[in-house]
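All values reported here derive from a predicted model rather than from experimental measurement.
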Amino acid sequence: MNNLVSEQEVTERGVYNEVVSLLAHMDDQDKDRIALRIASIAKTNLASVVRVLLEKLQQDKQKRVAIYYILEEVLQQDTGGLEIRLVKNIVSLASDQMRETQEATNEVKVAASNTLVTLHVSVSLVRVTLNTMFSMLEFVKDGRLRQAFCGVFIPKVGQLRLCNHFLPVYTHVTSNWLTCEEPELKQAIIKALGPMMSLLLHKEEYQDQIFEHLSWLLEQYNENTDVFHVTKSLSQLLEVSGEYKIPLPDGKFQAICSALHNQICSQARPLSMENHTELVHCVVQLARSSPEDLIAFLHSQLKIKNEAVCVTSLKLLRAIVDADLPETRPKKCLIVKAVKSTFSDQNATVRKAVLHFIQRLLSLQSVENCAAWDMVAHVFTEFSVSTSKLAIPEENTIQTLCTDILQCLDTSVTGMTQVLWPRLLEYVVPVQYTGTLKPLCRCLRELAEKKQQEEEEAACLDYGGPGL
């Protein structure tokens, strides 16, 4: 070996020759296989492979799309050790080729943009990428290219220091692109808005600007679009609002509540399970930021006396209880008060929704100070009502549900002893004998103590025995 040639130079020459050879034999059928092979070489020789690919991107115009595809695969791995000069070269070349209007096809522009998306993996690379991309916004006219740009704009890192970097593009997109009519582009914009809005919302000086565009986002529920992405973007915004206690303007809060509620209870088009889950998650996030306002809204919906509206409201109140948030625990009384307003509703579907709410409430770790006894008493009332209507199938279902609730009552829950004792005896002792409850309780206590002193088997009662 020539002592004047370093080992690094020999390695780079070998990498260069192998990558060039692979690219020379590449066609559409071999593209994936060759991309994997070059990506494998890049695991130990990342900088050398990137330099070869950049050179070929400038020399071989016919294979630019395929080479960008391979570069994208290479950049999927850890690029933390890639020198900043090479990063800037990638961004500069891709940006230049995206700006070309005559020689570069749309496929090349999209491929270059996708490469920049992949490069968008750490704070330093984001800054390099964004600063270059933002300067090009006014030149982006093609719909497919705008879609690709929206992919770049979606933050892949949650660093608050990037807020200032995203504001210019957010302003440009919301000022110039929201009026687009292309469904694919509109979908891409909707997907990008959520991450950008949630990032910018951390800065108080940007909040008014963000809230202005909430109306546009909610309007997309009425458009012919995939509404799940509307919900997802809204969810991302509400998560930040709830977690950091950023209040939503009164009018916007009500508009969001109405939009979410309407989506869940509307029969206009089928609601996917994925979207339903995300919609409920949005409501729970609203409960974090303003629990009293949300409960008041749902209470108002229960007064409408429409089956779908009432059932949706009850399910959402159950979801709030189920989430057991620190913000909503002190509001149990308000939630129970709202549910109690439906006790007189004779609709079987509404009655079942109420019972399901009660079942969830009574399974919490604490039922103190939330009128839990009224909930238990209502279960007995519903059981009694159903007894006289068992010829109706739905009444059978309601009675079974009542039995299940009582069967699963957890007496270890904090506050349950005070709720159940001694009131449950009122349902065991005939009305004419309620005056004997005091001596009866004494007898029961003594019998229980006597049983405990005997063997364990003697202390067990057969709840399924004769006469029960």
message: How long is the straight-line distance from OG1 of T328 back to CD of E292, given to the nearest 0.5 Å?
response: 11.5 Å
Test item: T400 and T403 side chains (from C-beta on) under 4.5 Å apart, heavy atoms: no
field: Side-chain donor/acceptor of S40 to backbone N/O of L36, under 3.5 Å
entry: no
field: Separation of L248 CG from S289 OG (nearest 0.5 Å)
entry: 5.0 Å
message: I'd like to know if the side chain of S266 reaches the main chain of Q263, judged simply by a donor and an acceptor atom lying under 3.5 Å from each other, with no hydrogens or angles considered.
response: no
query: Side chains of H229 and Q220: donor-acceptor distance under 3.5 Å anywhere?
result: no
- prompt: Do NZ/NE/NH1/NH2 and the carboxylate oxygens of E382 and K352 come within less than 4.0 Å?
  reply: no
- prompt: Can you tell me how far CD of E73 sits from CG of L71, rounded to the nearest 0.5 angstrom?
  reply: 10.0 Å
message: Check whether S235 reaches the backbone of T231 with its side chain - one donor and one acceptor, N or O, closer than 3.5 Å.
response: no
field: Interatomic distance, Q359 atom CD to L401 atom CG [nearest 0.5 angstrom]
entry: 5.5 Å
query: Is the shortest side-chain N to carboxylate O distance from E327 to K245 below 4.0 Å?
result: yes
message: For I210 and L237: C-alpha separation, side-chain torsions, deciding distance, then whether side chain to side chain contact (heavy atoms under 4.5 Å, CB included) applies.
response: CA-CA 10 Å; I210 299 301; L237 175 70; 4.0 Å; yes
field: Distance in Å, E212 CD paired with D208 CG, rounded so as to fall on 0.5 Å steps
entry: 7.0 Å
Over 12 non-hydrogen atoms of neighbours within 6.0 angstrom of NZ in K315: no
- prompt: Shortest non-hydrogen contact from F211 to P247?
  reply: CZ-O, 3.7 Å
task: Output yes when a side-chain donor or acceptor of S290 lies under 3.5 Å from a complementary backbone atom of L286, and no otherwise.
output: no
Non-hydrogen atoms of C282 and L234 that approach each other most closely: SG-C, 4.3 Å
Criterion side chain to side chain contact (heavy atoms under 4.5 Å, CB included) on L53 and L23, from CA distance to verdict: CA-CA 9 Å; L53 294 176; L23 293 176; 4.2 Å; yes
message: Is the ring pair H202/Y244 parallel, tilted or perpendicular, if the boundaries are 30 and 60 degrees?
response: perpendicular
task: May I ask you to check whether over 12 heavy atoms, not counting those of Q59, lie within 6.0 Å of atom CD?
output: yes
- prompt: Would E394 and R351 count as a side chain to side chain contact (heavy atoms under 4.5 Å, CB included) if you check the C-alpha gap in whole Å, the side-chain angles of each, and the deciding distance to 0.1 Å?
  reply: CA-CA 10 Å; E394 283 189 315; R351 289 163 60 201; over 6 Å; no
message: To check you understand the geometry: which heavy-atom pair defines the closest contact between V339 and T342, and what is its length?
response: O-OG1, 2.6 Å
task: Measure across M416 and L362 and return the closest heavy-atom pair with its distance rounded to 0.1 Å.
output: CE-O, 3.6 Å
Exam field: side chain N45 to backbone S48, donor-acceptor pair closer than 3.5 Å: no
message: Can you tell me if E368 has over 12 outside heavy atoms packed within less than 6.0 Å of its CD?
response: yes
field: Check: F383 main-chain N/O paired with S386 side-chain donor or acceptor under 3.5 Å
entry: no
- prompt: Hey, what do you get for CD1 (I190) to CG (L217), rounding to the nearest 0.5 Å?
  reply: 7.0 Å
task: Answer yes or no: does atom NZ of K305 have more than 12 heavy-atom neighbours from other residues, nucleotides or ligands under 6.0 Å?
output: yes
Least distance between heavy atoms, F228 atom then N275 atom: CA-OD1, 3.6 Å
message: Which heavy atom of V283 sits nearest to which heavy atom of L294, and what is that distance?
response: O-CD2, 3.3 Å
message: Taking S366's backbone N and O only, do any of them form a donor-acceptor pair with T414's side chain (distance below 3.5 Å, no angle check)?
response: no
query: Do I264 and L316 have side-chain heavy atoms sitting under 4.5 Å apart?
result: yes
message: With a 3.5 Å distance limit and no angle check, can you tell me whether S198 reaches the backbone of G194 through a side-chain donor-acceptor pair?
response: yes
Beyond-backbone contact of S215 with K252, side-chain heavy atoms, under 4.5 angstrom: yes
Sidechain-backbone polar pair: Q254 side chain, D250 backbone, donor-acceptor under 3.5 Å: no
- prompt: Is a side-chain donor-acceptor pair under 3.5 Å present for Q209 with Y170?
  reply: no
- request: Please tell me if the side chains of M197 and S233 come closer than 4.5 Å, counting only heavy atoms from C-beta onward.
  value: no
Stepwise side chain to side chain contact (heavy atoms under 4.5 Å, CB included) check, V385 with I398: CA-CA 10 Å; V385 170; I398 289 174; over 6 Å; no
